[in-house]
Amino acid sequence: MDNDMYDAAIDIGIAVKEDPGSSSKEKKKKRRKRKRSASEASEGSTISKGDDGQQLGDAAQPISGASGQKKKKKKKKRHTLDNDTSLEQSSDVQKPVEQKKHLINMPPLTGNLIKERSNLPVYQHRNELCTLVADNDVVLVVAETGSGKSTQIPAYILQSGILKKSAKAAAASALTSGNTTSNHQKFGRSICVTQPRRVAAITLATRVSSELNCTPGTIVGHRVRFDDTTDLRGQSTKIIFATDGMLLREAMVDPLLKRYGVICLDEAHERSLQTDVLFGVVKRAMFARSTAVDEDMIDADFEKDRAITDKMREEALRLGLPTLKVCVMSATLDVETFQRFFPGAATIKIPGRQFHVQEVYTEDPQDDYLDAALKTALQIHKYTHDGDILVFLPGQDEIEDVASLLKKHLEELEHDDSQEKSRDIVQDIKGIGVSFNSGNSMIVNGVFICVLYAALPPDAQMNAFRPRPDGCVRKIILSTNIAETSVTLNGIKYVVDCGKHKTREYSSSTGMESLKLSNISKAQAAQRMGRAGRVSEGVCLRLYPEIAFDELQSTSVPEILRVNLSHVILQLKAMGIHDPRSFSFLTPPDKDSIVKSFELLQALGAVDKSLDLTVKGREMSKLPLDPVYAHLLLQSEKFECVSEILTVVGMLSAENIFFNRAGRGDADSGLATAAGASAHKRFASNEGDLPSLLNVYNAWKAEAIYSPSGKPSKHQRKKLGSGKMLHGDWCKQNFISGRALVRAHDVRSQISELASRPKEKNGLGMRVELSCDDGELIPFYKCISAGLFLRVAIRVPSANQKQAKTGGNSGAIPSRGHYKTRVGGNSVSIHPTSFLFGRIKPPKAVVYTEMLQTSKLYIRGVTQSKKEWFDEEL
DNA sequence: TAGGGTTTT
């Protein structure tokens with residue numbers, strides 16, 4: 001996001017504020033003040049910075065290329081001037097001068113893999129890094145992929161003794177202020193490193209455990225949903241790798257984050273929703289635990305919640321909590337945003353270790369980027385001998401199209417004499433031909449074509465990670481942006497980047513979500529390019545001209561600006577943030593978006609008219625569910641169908657339960673598609689999708705043998721003969737995603753536990769065994785309708801249908817399933833993946849779980865309803 | 001007649 005946009009966002013934030021005492025002028029003044037202290041502090045910290053401390057501006061170079069850099073500088077000019085002025089003024093501002101400590105000298109590495117670890121770029125900077133952490137409350141670490149930041153920095157901090165020192169200091173100051181409780185053994189002794197993805201948290205914890213030569217779960221552990229290895233064996237874990245959602249949950253119970261002395265917010269540049277919220281939450285904890293009250297440091301945004309923050313501060317003082325240090329780790333240079341948010345933060349830049357990747361652009365814009373991608377991949381294949389190719393495409397459709405075209409063209413290469421090189425390759429491995437076809441991957445004339453997207457069954461996904469089969473000369477992977485961050489592919493030498501992606505967007509004015517094809521950002525382009533330089537030098541072929549690259553946004557739109565915030569708002573309210581509109585967001589969301597969220601929460605009864613959290617809202621906030629589903633669950637007791645609703649919300653939180661659910665697909669997977677659709681028929685409920693999901697889960701429970709360990713017990717094995725099947729086999733036979741089902745099961749168990757736990761123990765005290773399953777399920781339908789009363793749609797007969805009724809026949813197939821939503825009055829259609837899609841007699845009224853704009857406005861998760869079931873609720 | 005990618009005490 002560029003500066004203008006940022007400022008615009010700030011201004012929106014200001015416009016929201018109602019407090020007449022804090023006019024926007026005053027705010028601006030405060031902001032200036034903050035800026036001043038920021039530049040002042042960063043000036044100070046350069047003393048302890050190494051050579052590259054000054055080179056922050058240059059680090060964009062490998063990413064954006066020469067011309068991109070020029071433009072960037074121009075854009076930044078205004079900001080730079082700002083800084084210069086404030087530098088001049090800085091002398092008259094009194095800021096508590098922190099005594100400069102001497103450079104920390106880190107002891108030699110201990111543990112395993114010492115040679116590898118000392119070769120990492122971050123190793124050279126460990127002394128100054130730890131010194132910066134010791135001297136500053138906030139340190140921004142800008143480090144590219146391959147620098148070792150995520151694995152090494154937490155260990156350095158632990159080894160440096162910074163935690164011990166600040167804990168002791170806090171204990172001492174607590175003693176001098178008459179506080180006799182000494183908690184320096186208890187609080188602030190762990191480091192938390194947050195990750196946007198659970199796989200990353202788990203693998204990092206495992207990696208660092210082995211590097212430090214300790215059993216996972218002792219010194220180093222991970223904490224992700226359903227999997228917590230911290231504090232095993234009674235040891236207090238020192239380095240905790242957690243998903244940011246997990247730390248956020250922890251903050252709901254413990255806003256001071258007492259356990260931690262340092263919190264590292266990793267992958268900050270990704271700007272995930274949870275990381276962004278954590279920024280504000282961590283900042284609040286940091287402020288409450290800071291020893292010196294620097295009024296300049298108090299963000300104006302805290303004013304409204306001052307009372308609560310003051311309470312937190314008292315508590316921190318009473319407990320003798322050490323200061324909380326924050327380390328923001330980011331791969332891109334959007335440091336200004338972070339620095340504006342954390343005034344006075346010190347910055348350090350650590351180079352990554354990547355092989356050089358050559359950037360190639362097209363001369364002209366490509367109208368048909370699919371055709372361009374296809375041709376480019378074929379050209380690389382024709383003119384080079386080795387190196388795998390990764391092609392970024394926006395979606396599954398595009399991937400499948402390109403895959404089948406690629407196959408066709410590679411087959412034709414065999415007969416094309418003009419393409420000498422290709423022919424040679426083809427002849428060498430002719431024997432393999434197209435005989436191999438596993439899942440959606442195939443080998444065509446020695447080329448292993450793999451497709452990769454999230455909705456793909458895990459087995460089929462694995463092909464992209466497997467080494468090339470014998471005799472294959474090359475692997476071509478066609479992927480969505482799943483390969484951008486979520487997974488790592490080895491051996492990629494060529495990246496083909498179409499420059500597009502699909503993003504989920506949320507319109508606060510309509511409350512509708514949509515999936516849009518749009519241009520990627522420069523940061524994403526850099527990330528894609530980086531995939532080519534992991535093991536050797538590579539080439540990145542961008543299917544757009546350089547001038548188009550220059551015009552791309554520098555960073556992607558943060559998720560917080562793109563999604564429905566009702567869940568986040570509920571969480572913030574539960575954390576005691578009175579007015580989330582004045583919460584300190586890294587990038588404040590649109591005010592309409594917050595207002596819309598409040599409207600929903602109010603309709604659900606989670607907040608009252610004065611927007612205060614109700615008892616029900618408090619209960620809803622305890623559930624790791626979307627507020628609508630939390631509401632659905634809470635009122636299921638009334639209908640005596642808690643058990644069924646637990647299953648449904650579990651199933652709804654797992655995406656892609658069904659494989660090959662109806663529809664298109666190319667000739668190769670056509671067979672599987674039909675099989676999948678017919679396999680799903682047995683689960684189909686006449687009443688719609690939610691009862692069908694219930695059927696799947698119940699059938700699985702009745703017919704499959706599942707063991708979390710992967711190995712069924714003796715007792716379970718005995719049942720194998722008597723109609724029971726192993727989990728994996730059952731899923732395969734029924735075209736159900738085993739992974740998704742297990743996830744649904746886990747979510748169900750977790751929520752069931754939470755719901756059944758007594759209220760005194762922070763639970764909901766619900767009777768979770770209440771079931772209405774007598775074959776009819778009427779209370780269950782009533783409950784769904786009442787729970788989803790905001791998502792009701794009424795059928796509108798189409799012109800064709802009207803005609804059919806009056807006896808006319810146009811010959812056209814009558815289009816069925818057109819509805820109008822009761823709230824908003826949108827014209828919607830039933831999504832093709834719904835079990836109610838294409839029904840001859842569609843129900844007059846339905847409730848739905850999701851409304852999505854793609855080629856049309858669709859509703860999904862559709863269930864039959866009746867007027868009398870939802871009527872009274874609105 | 002169609003699904004970018006994450007994730008929650």
Side-chain angles (χ1 to χ4, degrees), chain A residues 194-201 223-228 242-254 267 270-275 277-278 392-400 452-456 479-487 498 500-505 513-518 520 524 527 556 559 562-563 567-568 570-571 574-575 621-626 629-630 653-665 673 677 743 746-747 750-751 753-754 757 761-764 813 815-817 829-834 837-838 850 852-856 858 860:
Chain A
T194 67
Q195 294 293 323
R197 282 166 293 279
R198 50 184 276 134
V199 190
R223 185 179 279 178
V224 299
R225 194 181 192 182
F226 311 126
D227 191 1
D228 184 349
T243 47
D244 35 28
M246 209 63 171
L247 187 62
L248 204 52
R249 278 281 160 191
E250 198 174 336
M252 286 178 70
V253 184
D254 174 21
E267 312 290 3
E270 285 188 27
R271 303 294 308 272
S272 81
L273 177 64
Q274 322 242 38
T275 321
V277 178
L278 260 187
F392 281 101
L393 294 167
Q396 182 179 346
D397 260 12
E398 292 85 346
I399 285 171
E400 279 171 5
L452 188 61
Y453 46 84
L456 203 65
S479 172
T480 60
N481 44 7
I482 191 171
E484 214 169 272
T485 49
S486 307
V487 299
C498 76
K500 308 268 180 201
H501 67 161
K502 280 182 188 162
T503 50
R504 213 181 177 110
E505 280 174 25
E513 289 198 322
S514 61
L515 212 54
K516 275 187 186 151
L517 183 71
S518 55
I520 58 168
Q524 280 176 292
Q527 188 76 30
S556 328
E559 199 181 2
R562 290 190 284 116
V563 295
H567 190 211
V568 166
L570 186 64
Q571 277 184 309
M575 273 187 253
S621 76
K622 289 176 188 167
L623 293 163
L625 288 174
D626 182 279
Y629 296 154
S653 48
E655 306 249 312
N656 305 321
I657 290 272
F658 298 105
F659 282 157
N660 296 314
R661 170 100 203 94
R664 33 164 298 139
T673 301
R743 192 189 146 80
D746 286 343
V747 173
Q750 184 187 34
I751 294 173
E753 193 279 321
L754 207 54
R757 204 192 295 163
K761 289 183 178 166
N762 210 24
L764 304 177
I813 304 159
S815 57
R816 308 179 194 106
S829 306
I830 291 181
H831 197 272
T833 54
S834 169
F837 176 79
E850 201 183 356
L852 188 73
Q853 170 90 55
T854 52
S855 57
K856 260 161 99 175
Y858 287 107
R860 291 203 286 205

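Chain identifiers are assigned alphabetically (A, B, ...) following the order of the sequence lines, protein sequences preceding nucleic acid strands; residue numbering begins at 1 within each chain.
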**Message:** If you define the side chain from C-beta out and look only at heavy atoms, does anything of A/L754 sit under 4.5 Å from A/P624?
**Reply:**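 Touching, per the 4.5 Å side-chain cut-off.
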
**Request:** State which residues pass salt bridge (charged side-chain N to carboxylate O under 4.0 Å, His left out) with A/R757; sequence neighbours excluded, sorted by chain then number.
**Result:**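 Result, salt bridge (charged side-chain N to carboxylate O under 4.0 Å, His left out) vs A/R757: A/E753.
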
Select base, sugar-phosphate, or nothing to describe what [X] touches, counting heavy atoms under 4.0 Å on all strands.
X	answer
A/V747	nothing
A/I482	sugar-phosphate
A/T480	sugar-phosphate
A/M252	nothing
A/R743	base
A/R225	base
A/T485	nothing
A/Q750	sugar-phosphate

Please report, rounded to the nearest Å, how far the [atom2] atom of [N] is from the [atom1] atom of [X].
X	N	atom1	atom2	answer
A/E753	B/dT9	CD	C1'	10 Å
A/D244	B/dT9	CG	P	12 Å
A/Y453	B/dG3	OH	P	13 Å
A/L754	B/dT9	CG	P	9 Å
A/L517	B/dG5	CG	P	14 Å

**Prompt:** Sequence neighbours excluded, which residues qualify as side chain to side chain contact (heavy atoms under 4.5 Å, CB included) partners of A/V563?
**Reply:**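 A/V563 satisfies side chain to side chain contact (heavy atoms under 4.5 Å, CB included) with A/L273, A/E559, A/L565 once adjacent residues are dropped.
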
